[in-house]
Amino acid sequence: TEPEPVSESAEDGSMYADLSKGMPSVFEASDGWTNGSMFNVFWHAENVTFEDGKMQLIIDNDPKPRQGIPYSGGEFRSKDFYGYGLYEVSMKAIKNDGVVSSFFTYTGPSDNNPWDEIDVEILGKDTTQVQFNYFTDGKGGHEYMYELGFDASEDFHVYGFDWQEDSITWYVDGEAVHTAEKRLPVTPGKIMMNAWCGTGVDGWLNAFDDSDLPLLAEYEWVRFTPAE
């Protein structure tokens with residue numbers, strides 16, 4: 001028999017999801033819509049799979065393209081909202097021009113909230129770097145590119161950020177590598193991961209190369225530890 005998915009949401013507000021055990025109860029796959037704009041994918045639940053002890057977020061051709069969007073993508077999001085604390089994920093990114101593999105918090109108008117977001121984004125055009133960013137009430141422009149010293153597409157590494165009232169500090173494999181302290185987000189958001197290809201943003205991502213589909217970003221676990 002298949003083991004029960006391990007997914008713990010403790011009384012103290014902490015959360016740990018072991019993605020090697022299948023779909024955790026505190027998360028869900030986005031299904032049946034597109035973000036539009038620079039996102040050249042429709043989200044489909046079948047683009048979130050659990051195989052070989054890992055979760056895969058898949059970019060592929062869309063078998064039934066709509067609205068002129070030819071590709072499908074995978075997005076995974078928590079059902080609950082989380083505030084100040086430490087967010088961590090073990091992931092392996094996609095190496096391919098035109099794509100993003102991500103870990104982030106988000107809330108916005110669809111939740112009747114301001115657009116607040118904190119990002120860890122690995123651009124497939126250069127997987128030896130990671131981009132950090134955040135949005136406060138829809139205002140971004142805080143991009144910071146960090147040289148990893150390794151290729152994020154070759155193995156799993158732990159990425160995270162500690163969101164406090166007066167700072168956001170990003171971590172790579174447990175080492176603090178960047179801190180922001182101005183105009184910080186304040187609204188609890190959902191924990192999210194996605195893999196997508198872009199359109200109209202070649203200057204940022206390079207033109208999408210679709211010669212090697214499907215493309216898979218992989219994730220082992222995700223954890224939230226609330227601020228004390």
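Side chains included, hydrogens not; waters and symmetry mates left out as well; all remaining heavy atoms used.
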**Prompt:** For D111 and F81, what are the C-alpha separation, side-chain angles and deciding distance, and is it a side-chain contact (heavy atoms from CB on, under 4.5 Å)?
**Reply:** CA-CA 10 Å; D111 304 314; F81 294 80; 3.7 Å; yes
**Request:** Check step by step if salt bridge (charged side-chain N to carboxylate O under 4.0 Å, His left out) holds for K79 and E28.
**Result:** CA-CA 7 Å; K79 297 175 182 177; E28 60 189 352; 5.3 Å; no
**Message:** What verdict does the side-chain contact (heavy atoms from CB on, under 4.5 Å) test give for L57 and V48, after you've listed the backbone C-alpha separation in whole Å, the side-chain angles of each residue and the deciding distance to 0.1 Å?
**Reply:** CA-CA 5 Å; L57 299 183; V48 179; 3.7 Å; yes
**Item:** From CA spacing to verdict: side-chain contact (heavy atoms from CB on, under 4.5 Å), S78, V26
**Value:** CA-CA 6 Å; S78 67; V26 293; 5.9 Å; no
**Message:** Would D31 and E46 count as a side-chain contact (heavy atoms from CB on, under 4.5 Å) here? Give the steps.
**Reply:** CA-CA 8 Å; D31 188 42; E46 55 264 34; 4.3 Å; yes
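Annotation for L184 and Q164: closest pair CD1-O, 4.2 Å, computed over non-hydrogen atoms. In terms of heavy-atom proximity, L123 sits nearest to M145 at CD1-CE, 4.1 Å. Heavy-atom minimum distance, F42 versus I69: N-CG2, 3.9 Å. Closest approach of F27 and I191 over heavy atoms only: CE2-O, 3.7 Å. The heavy-atom pair separating G53 from S20 by the smallest distance is O-CB, 3.1 Å. Closest heavy-atom contact between P188 and N113: O-ND2, 4.5 Å.
With hydrogens and angles disregarded, no donor-acceptor distance shorter than 3.5 Å links the side chain of E88 to the backbone of V158. A donor-acceptor contact shorter than 3.5 Å is absent between the side chain of Q131 and the backbone of Q129. Between the W163 side chain and the Y87 main chain, no donor and acceptor come within less than 3.5 Å of each other. Using a distance-only test at 3.5 Å, with no hydrogens or angles considered, no donor-acceptor pair links the side chain of S90 to the main chain of F156. Of the possible polar contacts, none joining the T127 side chain to the K95 backbone as a donor-acceptor pair under 3.5 Å is found.
Taken from CG in D137 to CG in D116, the straight-line distance is 6.5 Å, to the nearest 0.5 Å. Here I59 contributes atom CD1 and I94 contributes atom CD1; the two are 4.0 Å apart, rounded to the nearest 0.5 Å. Rounded to the nearest 0.5 Å, atoms CE (M55) and CD (E220) are 11.0 Å apart. Expressed to the nearest 0.5 Å, how far OG1 of T169 lies from CD of E175 amounts to 12.5 Å. The line from OG1 of T187 to CD of E117 is 12.0 Å long, rounded to the nearest 0.5 Å. In this structure, Y82 OH and S14 OG are separated by 9.0 Å, a value rounded to the nearest 0.5 Å.
Aromatic ring centres of F208 and Y71: separated by under 6.0 Å. In this structure, F103 has its ring center no closer than 6.0 Å to that of Y159.
Using the six-membered ring where Trp is involved, Y144 and H178 have ring planes that are parallel, under 30° apart on the 30 and 60° scheme. Between W43 and F39, the two ring planes are perpendicular [angle over 60°; tilted spans 30° to 60°]. The aromatic rings of F76 and F50 stand perpendicular to each other, their planes meeting at an angle above 60°, with 30° marking the opposite boundary.
Linking ILVMFWY residues whenever their side-chain heavy atoms come closer than 4.5 Å, directly or via other members, leaves W196 and M91 in distinct clusters. Under the 4.5 Å side-chain heavy-atom criterion for ILVMFWY residues, no single connected hydrophobic cluster contains both I122 and W204. Taking hydrophobic clusters as Ile, Leu, Val, Met, Phe, Trp and Tyr residues chained together by side-chain heavy-atom distances below 4.5 Å, F104 does not share a cluster with F132. Both Y134 and V186 belong to a common hydrophobic cluster when Ile, Leu, Val, Met, Phe, Trp and Tyr are linked at side-chain heavy-atom distances under 4.5 angstrom. No single ILVMFWY cluster, assembled from side-chain heavy atoms under 4.5 Å apart, contains both I58 and L215.
Using a 4.5 Å cut-off on side-chain heavy atoms (C-beta onward), C197 and V99 make contact. Looking at heavy atoms from C-beta onward, P24 lies in side-chain contact with L19 at the 4.5 angstrom threshold. Within the 4.5 Å cutoff, the side chain of L86 has heavy atoms near those of the D162 side chain.
The number of heavy-atom neighbours closer than 6.0 Å to CD of E147, taken from other residues, nucleotides and ligands shown, is above 12.
With sequence neighbours excluded, no residue forms a side chain to side chain donor-acceptor pair (under 3.5 Å) with K190. For S211, the side chain to side chain donor-acceptor pair (under 3.5 Å) test picks out D209, with sequence neighbours left out.
Side-chain contact, S72 with D60: no donor N or O sits under 3.5 Å from an acceptor N or O.
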